[in-house]
Amino acid sequence: MKTIRVMTIFGTRPEAIKMAPLVKELEGRAGVESLCCVTAQHREMLDSVLHIFQLTPQYDLNIMEPRQTLSTITSKCLLGVEQVLQEAKPDLVLVHGDTSTTFSGALAAFYQRVMVGHVEAGLRTYDKYSPFPEEMNRTLVGDIADLHFCPTRANRENLAREGIADGVFITGNTVIDAMTTTVVKDYHFSTRLLNELDYDRKKVILVTCHRRENYGAPMEHIMTALRRLAESHGEVELVYPVHLSPVVREAAEKYLAGHPRIHLIDPLDVEEMHNLMARCYLVMTDSGGLQEEAPAMGKPVLVLRRETERPEAIAAGTVQLAGTEEETVFRLGARLLEEPQAYERMAHAVNPYGDGRACRRIADAIEWKFGLRGEPPEMFGT
Ligand code: UD1
Ligand code: UDP
């Protein structure tokens with residue numbers, strides 16, 4: 001039987017969470033030899049995901065350095081992936097989303113004339129500086145890729161407007177596949193804090209904030225607003241698993257430390273994170289992934305950014321753009337704490353991003369492309 005060699009390349013926490021179920025799916029396909037290369041643009045935060053999903057990559061470039069710059073990540077990945085591709089000779093490389101690993105992985109594959117598949121394709125804000133550098137990364141990967149796995153119909157329409165119509169599949173987002181294994185009833189956390197929080201009588205706000213375009217003044221405004229929310233509302237317990245970036249940790253320490261109901265904790269492993277999200281009252285975040293996960297659990301989300309490439313949950317009413325101005329972030333947060341009707345209007349479960357079968361569709365599309373299967377995959381949402 002003909003087999004194809006498919007190499008997944010990823011390097012950061014969110015890519016790993018969203019690629020892990022796809023690696024598992026590919027490993028289960030008789031016609032596919034699945035290989036995995038991590039750049040380790042993240043180290044501890046990546047390893048935590050590899051551990052939870054029990055993935056052992058065949059290649060690990062181990063590139064991370066403290067306070068790394070975009071150029072160092074990109075150049076180290078490009079050189080490292082080139083060597084891996086020359087040795088492994090895959091038929092197809094899969095990259096995910098919009099990180100520097102994604103861009104350099106796709107570029108390295110293109111230089112070796114290896115076919116590229118882009119998972120989570122077609123997300124756009126049309127502002128090249130926001131999110132920075134992700135908008136440019138994903139746009140450039142869109143030009144390089146041969147196969148485009150779009151989570152939603154709107155993502156496919158974005159690509160169509162750029163003249164990209166061939167090899168485009170609507171699959172749903174693989175993060176919804178990942179959540180089918182991580183969220184469990186009666187989950188027991190590994191820390192006392194998370195086990196002992198009174199999720200019924202208190203209002204637990206889950207916060208994350210790490211984006212590069214928010215470094216400096218925007219982060220200062222956001223964090224000041226968060227502190228004011230905790231100070232002015234005695235029922236609030238604010239839980240913030242702080243990203244390991246030193247820039248972010250310094251800001252969180254400066255603006256949020258020392259309050260008894262503000263809990264600055266280390267990054268959570270993905271199981272803890274998803275189960276905390278399932279129990280919290282409200283999510284305030286600049287993360288991309290949280291905007292997809294929280295709506296599926298019926299949790300309102302205030303997005304701490306000026307724009308989003310994920311308009312679907314805004315249209316569904318569970319996500320609101322809060323921007324990065326202190327007063328607006330404070331006011332919108334306070335409204336969801338004080339006005340039950342405003343809260344209830346946002347707190348309903350919606351799943352515009354997937355149905356848990358994205359990985360199956362992506363693997364089917366790959367098999368179809370390489371002639372291992374007669375039929376193209378069904379599209380998500382049809
Ligand atoms: C990266 C991605 C961003 C994604 C985010 C997910 C780019 C340019 N940015 O941003 O798109 O949303 O990951 O979290 O690709 N660090 C550690 N240990 C870790 C991880 C990070 O110490 O496990 C520290 C290091 O000092 C590192 C710094 O965090 O230099 C920043 O990491 P980096 O990958 O450059 O940027 P992120 O903000 O994480
Ligand atoms: N996440 C996690 N632990 C944390 C914070 C986030 O497991 O302490 C998960 C989160 O549930 C989501 C992903 O990491 O699946 C999002 O990663 P991040 O916010 O770092 O990146 P983005 O999605 O913004 O690119």
Side-chain angles (χ1 to χ4, degrees), residues 10-21 38-53 62-74 76-77 95-105 120 123 130-138 141 173-179 182-183 191 194 206-215 219 239-251 263-278 280 283 285-294 296-297 299 301 303-305 308-310 353:
F10 51 91
T12 66
R13 169 174 66 195
E15 293 165 78
I17 292 168
K18 291 168 164 180
M19 285 296 237
V38 294
T39 63
Q41 174 179 335
H42 286 173
R43 189 69 274 172
E44 304 91 317
M45 286 159 56
L46 172 76
D47 291 344
S48 158
V49 183
L50 297 177
H51 176 73
I52 295 280
F53 288 100
N62 198 25
I63 66 142
M64 195 195 86
E65 25 179 288
R67 295 179 195 266
Q68 58 204 0
T69 66
L70 298 177
S71 303
T72 57
I73 308 169
T74 305
K76 285 168 100 174
C77 286
V95 293
H96 182 280
D98 50 23
T99 71
S100 293
T101 287
T102 314
F103 169 57
S104 25
E120 196 172 283
L123 280 68
S130 189
F132 175 80
E134 290 84 1
E135 177 72 3
M136 188 51 73
N137 284 343
R138 60 195 172 208
V141 174
N173 198 305
T174 59
V175 79
I176 306 295
D177 300 30
M179 281 168 61
T182 53
V183 183
T191 60
L194 297 183
L206 173 59
V207 170
T208 76
C209 185
H210 73 275
R211 305 221 76 82
R212 266 185 167 75
E213 70 275 10
N214 277 342
Y215 284 5
M219 216 169 254
V239 182
Y240 179 0
V242 187
H243 191 292
L244 291 180
S245 160
V247 182
V248 177
R249 291 182 90 79
E250 281 160 19
H263 310 283
L264 300 180
I265 58 176
D266 280 335
L268 293 168
D269 77 37
V270 60
E271 282 180 352
E272 303 245 305
M273 184 63 178
H274 284 177
N275 286 288
L276 177 60
M277 209 183 297
C280 75
V283 175
T285 187
D286 68 357
S287 161
L290 267 75
Q291 291 178 59
E292 295 152 350
E293 295 162 344
M297 300 185 196
K299 304 298 174 177
V301 182
V303 177
L304 306 170
R305 290 169 51 177
T308 179
E309 59 290 275
R310 294 168 169 88
Y353 299 111

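Both ligands and their constituent atoms are indexed starting at 1 by order of listing. In what follows, every heavy atom counts, from backbone to side chain, and hydrogens, waters and symmetry copies are set aside. For this chain, numbers begin at 1 and follow the sequence in order. Every value quoted in this text rests on a predicted model; they were computed, and no experiment measured them.
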Side chain to side chain contact (heavy atoms under 4.5 Å, CB included) evaluation trace for Arg305 with Glu213: CA-CA 9 Å; Arg305 290 169 51 177; Glu213 70 275 10; 4.3 Å; yes
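- Distances between N or O atoms of Gly289 and those of ligand 2 include at least one value under 3.5 Å.
- On a distance-only criterion, Lys18 and ligand 2 share no N/O pair closer than 3.5 Å.
- A salt bridge is absent between Glu15 and Lys18: the closest approach of a Lys/Arg side-chain nitrogen to an acidic carboxylate oxygen does not fall below 4.0 angstrom.
- In the vicinity of His274, heavy-atom distances shorter than 4.0 Å reach the ligand 2 atoms 11 (O), 15 (O).
- Annotation for ligand 2: atoms under 4.0 Å from non-hydrogen atoms of Glu293 are 10 (C), 11 (O), 12 (C), 15 (O).
- Closest to atom 33 (P) of ligand 1, if we only count protein heavy atoms, is Gln68 NE2, 3.3 Å.
- Within ligand 1, the atoms closer than 4.0 Å to a non-hydrogen atom of Ile73 are 35 (O), numbered from 1 in the order shown.
- Under 4.0 angstrom from ligand 1, there are no non-hydrogen atoms of Pro131.
- Not a single donor-acceptor pair under 3.5 Å links the side chain of Asn62 to the backbone N or O of Val38.
- Here is the list of ligand 1 atoms found below 4.0 Å of a heavy atom in Pro66: 26 (O), 30 (O).
- Counting only distance, with no hydrogens or angles, the side chain of Asn275 and the backbone of Thr182 share a donor-acceptor pair below 3.5 Å.
- Here the shortest heavy-atom distance to atom 3 (N) of ligand 2, taken over Asp269, Leu268, Leu290, belongs to Leu268.
- Put simply, the side chain of Asp286 gets close to the backbone of Arg211: a donor and an acceptor are under 3.5 Å apart.
- Considering His42, Glu15, Gln41 only, the shortest heavy-atom separation from atom 21 (C) of ligand 1 involves His42.
- Relative ring orientation between His243 and His210 is described as parallel, the plane-to-plane angle staying below 30° on a 0-90° scale split at 30° and 60°.
- Side-chain atoms of Arg13 and Ser48, non-hydrogen and from C-beta on, never get closer than 4.5 Å to each other.
- Here the heavy atom of the protein found nearest to atom 9 (N) of ligand 1 is Glu134 OE2, 3.6 Å.
- Looking at Asn173, its side chain never comes within 3.5 Å of a backbone N or O of Ile176 through a donor-acceptor pair.
- The proximity of Arg67 to ligand 1, defined as any non-hydrogen pair under 4.0 Å, is limited to the backbone.
- Under 4.0 Å from ligand 2, the heavy atoms of His210 that appear belong solely to its side chain.
- In Met45, the parts holding a heavy atom less than 4.0 Å from any atom of ligand 1 are both the side chain and the backbone.
- With no hydrogens or angles considered, no side-chain donor-acceptor pair links Thr208 and Ser287 at under 3.5 Å.
- At the shortest separation from atom 13 (C) of ligand 2 among protein heavy atoms lies Ile17 CD1, 3.7 Å.
- With Glu65 as the fixed residue, the side chain to side chain donor-acceptor pair (under 3.5 Å) test singles out one of Gln41, Arg43, Lys76: Lys76.
- Scanning all protein heavy atoms for the shortest distance to atom 18 (N) of ligand 1 gives Glu44 OE1, 2.8 Å.
- The proximity of Pro14 to ligand 1, defined as any non-hydrogen pair under 4.0 Å, is limited to the side chain.
- Defined by atom type and a distance below 3.5 Å, a donor-acceptor pair is present between the side-chain atoms of Thr99 and Thr102.
- Of all the atoms in ligand 1, the ones that sit under 4.0 Å from a non-hydrogen atom of Leu70 are 8 (C).
- The minimum heavy-atom distance between Phe10 and Thr101, with the atom names listed, is C-CG2, 3.7 Å.
- Within the 4.5 Å cutoff, no side-chain heavy atoms of Val207 are placed close to those of Thr285.
- The protein heavy-atom contact nearest to atom 16 (N) of ligand 1 is Met64 SD, 3.7 Å.
- Applying the 4.0 Å criterion to heavy atoms of Arg43 picks out, from ligand 1, the atoms 19 (C), 23 (O).
- Nearest to atom 36 (O) of ligand 1 among the protein's heavy atoms is Arg212 NH1, 3.1 Å.
- Among the atoms of Glu65, some N or O lies under 3.5 angstrom from an N or O of ligand 1.
- Atoms of ligand 2 lying under 4.0 Å from at least one heavy atom of Val270, given by number and element, are 7 (O).
- Counting heavy atoms closer than 4.0 Å to ligand 1, residue Thr101 contributes nothing at all.
- Salt bridge annotation for Glu309-Arg138: present, with a cationic side-chain nitrogen under 4.0 angstrom from a carboxylate oxygen.
- Atoms of ligand 2 found under 4.0 Å from any heavy atom of Gly288, numbered from 1 in the order shown, are 22 (P), 23 (O), 24 (O).
- At a heavy-atom distance under 4.0 Å, only side-chain atoms of His243, from C-beta outward, approach ligand 1.
- The Pro267 neighbourhood of ligand 2 comprises atoms 8 (O), with distances under 4.0 Å to a heavy atom of that residue.
- Considering only non-hydrogen protein atoms, atom 4 (C) of ligand 2 sits nearest to Arg13 NH1, 3.1 Å.
- With respect to Asp266 and Arg249, a salt bridge is recorded, a charged nitrogen being found less than 4.0 Å from a carboxylate O.
- Among protein heavy atoms, the minimum distance from atom 12 (O) of ligand 1 is reached at His210 NE2, 3.0 Å.
- Against a heavy-atom cut-off of under 4.0 Å, Arg211 is close to the following atoms of ligand 1: 11 (O), 12 (O).
- Salt-bridge formation is detected for the pair Glu250/Arg67: a Lys NZ or Arg NE/NH1/NH2 atom is positioned less than 4.0 Å from an Asp or Glu carboxylate oxygen.
- Using a 4.0 Å cut-off to heavy atoms of Pro133, the atoms of ligand 1 that qualify are 8 (C).
- Inclusion of Asn137 in the set of residues having an N or O under 3.5 Å from an N or O of ligand 1 is not warranted.
- For the pair Ser287 and ligand 2, the shortest N or O to N or O distance falls below 3.5 Å.
- Within the 4.0 Å heavy-atom cutoff, Arg211 counts among the residues contacting ligand 2.
- Distances below 4.0 Å separate heavy atoms of Pro246 from the following atoms of ligand 1: 26 (O).
- In terms of modelled atom types and a separation under 3.5 Å, the side chain of Tyr353 and the main chain of Val175 share no donor-acceptor contact.
- Remark: side-chain polar atoms of Thr72 are not paired, donor with acceptor, to backbone N or O of Gln68 under 3.5 angstrom.
- Closest to atom 31 (C) of ligand 1 among all protein heavy atoms lies Ser245 CB, 4.1 Å.
- In this structure, the protein non-hydrogen atom closest to atom 8 (C) of ligand 1 is Ser100 OG, 3.2 Å.
- Here atom 17 (O) of ligand 2 lies nearest to Pro14 when heavy atoms of Pro241, Cys209, Pro14, Pro131 are compared.
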